[in-house]
Amino acid sequence: MKSPLLSLPGAVPAEGRDEGVAAHYGDLFREQRALADGNGFVDLSHRGVVTVTGDDRLSWLHLLLTQHVSDLAPNQATEALILSANGHIEHAMYLVYDGTTVWMHVEPDTQGDLIAYLESMKFFYRVEVADRTGDIAVVHLPAGSIAETPDGAAVRETPQGRDLFLPRADLEAYAAAHGPAAGILAYEALRVEGHRPRVGFETDHRTIPHELGWIGGAVHLQKGCYRGQETVARVHNLGKPPRRLVFLHLDGSEVHLPGHGTPVRLAADGQEGRQLGFITTSARHHELGPIALALVKRNVAVDAELLAGDTAAAQETVVEP
């Protein structure tokens, strides 16, 4: 989905997974500061939107998701995962229930695969799954924003702010009334600062929830059976995950940020040392400078100085070893 807000002054299109919205509108740090102060909004209209309705909507989703949603209260936001049979992360869904409809937004261009899985699990349950990406756009308001919520819009409110599910036809009018717009790079920098993982960035084909700190937030340990639960329970009760998420302060003298997949090694071993992990997301922060998230082997010492490619990196613990 290509956003109409790419026509706003200064808009520079994002690339890669976030193609379709603006990377920034001419001033990355100004946009970050505005969001940190509770001003403006972020266009997330490239994300997939899926709804679930029907008499069995909550009880059915409860059987499939890692989160406890059978008694989800109206307007209560939550997040949940869908795992493979081996416990690897396949989808992350950001949900809210308005009393009749479960709304969720997901990574761009993944809603088709998600819906195909959900449809395959309907059986005799009274549910309807719909792809609403074509007519509903997601807009993010930062924490502290006093912008009014349009009548009738579903709202997902979290400590990080509010996600609005707006009619796509109203997106330009909303932007005109509630600017300034901030690009996805500003949003991502604050996500990295907040240590919040994202599917497709902090995950690969073998990532399990424990590695990213999603236990408790997106994975409920006291609910009934779901696909992949055996792995979740076994690692939680009997072992440790093989990798862990870390936050990195990068050397600010480097011109280029290490990209996704850049090898992480011990600084003491140099660039020829054994690879211990990889960069998942890097960003330029308006206060912290260059920062990143990385996935490293669990036994990497928490105080070890690291190298991301050829960039020096000091780590902070996100997931305990």
Side-chain angles (χ1 to χ4, degrees), residues 10-19 21-37 39-40 42 44 140 142-143 160-161 180-204 207 211-213 243-297 300-319:
V12 174
E15 299 177 346
R17 294 179 185 272
D18 288 318
E19 183 180 4
V21 295
H24 60 82
Y25 296 90
D27 192 336
L28 171 62
F29 291 153
R30 177 191 60 77
E31 294 165 29
Q32 281 188 43
R33 287 191 290 268
L35 293 178
D37 291 339
N39 298 318
V42 183
L44 299 179
H140 175 77
Q160 290 77 45
I184 194 70
L185 291 182
Y187 180 83
E188 284 289 280
L190 299 182
R191 177 181 72 81
V192 172
E193 178 194 16
H195 307 166
R196 297 190 298 276
R198 182 177 171 188
V199 167
F201 290 75
E202 280 61 59
T203 66
D204 58 20
T207 307
E211 296 177 324
L212 304 183
R243 302 177 296 181
R244 61 185 180 88
L245 189 68
V246 297
F247 175 80
L248 300 179
H249 293 274
L250 302 174
D251 180 0
S253 66
E254 297 291 339
V255 175
H256 301 290
L257 290 173
H260 177 84
T262 298
V264 172
R265 300 178 170 90
L266 289 178
D269 294 341
Q271 296 183 46
E272 302 304 318
R274 182 167 59 95
Q275 181 173 341
L276 301 175
F278 62 93
I279 295 293
T280 59
T281 308
S282 58
R284 298 191 186 278
H285 191 275
H286 69 288
E287 289 182 340
L288 300 176
I291 56 176
L293 294 172
L295 202 58
V296 301
K297 292 182 181 296
V300 173
V302 296
D303 58 351
E305 294 292 325
L306 303 175
L307 276 180
D310 57 1
T311 302
Q315 62 169 311
E316 291 183 9
T317 300
V318 177
V319 174

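Just the heavy atoms: all of them, side chains too, but no hydrogens, waters or symmetry mates, feed the values below.
Residues F201 and D18 approach most closely at CZ-OD2, 4.3 Å, considering heavy atoms. Shortest non-hydrogen contact noted between H140 and G161 is CE1-CA, 4.0 Å. Here the shortest heavy-atom pairing between A14 and I184 reads CB-CG2, 3.9 Å. Closest of all the heavy-atom pairs between L248 and A294 is CD1-CB, 3.8 Å. Summarising the geometry of P258 relative to I279, their closest heavy-atom pair is O-CG2, 3.8 Å, with the distance given to 0.1 Å. The two residues P142 and L35 come nearest to each other via the heavy atoms CB-O, 3.3 Å.
Looking at heavy atoms from C-beta onward, T207 lies in side-chain contact with R243 at the 4.5 angstrom threshold. Looking at heavy atoms from C-beta onward, Q160 lies out of side-chain contact with Y187 at the 4.5 angstrom threshold. Residues V300 and L306 meet the side-chain proximity criterion, which asks for heavy atoms closer than 4.5 Å.
For residues 273-285, the side chain to side chain donor-acceptor pair (under 3.5 Å) pairs, not counting sequence neighbours, are R191-T281, E193-H285, E202-T280, E202-T281.
Using modelled atom types, no side-chain atom of D37 and backbone atom of N39 make a donor-acceptor pair closer than 3.5 Å. Remark: the backbone N or O of L295 is not paired with any side-chain donor or acceptor of E211 at under 3.5 angstrom. E305 contributes no side-chain N or O that, together with a main-chain N or O of A267, makes up a donor-acceptor pair within less than 3.5 Å. The closest donor-acceptor contact from the side chain of Q315 to the backbone of A304 lies under 3.5 Å.
Atom CD in E188 sits 4.5 Å away from atom CZ in R198 (nearest 0.5 Å). Between atom CG of residue L185 and atom NE2 of residue H24 there is a gap of 6.5 Å, rounded to the nearest 0.5 Å. Interatomic distance, CG of L307 versus CG of L276, reported as 10.5 Å (0.5 Å rounding).
Here F247 pairs with H195, H249 under the ring-ring contact (aromatic ring centres under 6.0 Å, His included) rule; sequence neighbours left out. Qualifying side-chain contact (heavy atoms from CB on, under 4.5 Å) partners for V319, counting only residues two or more places apart in sequence or in other chains: R244, L245.
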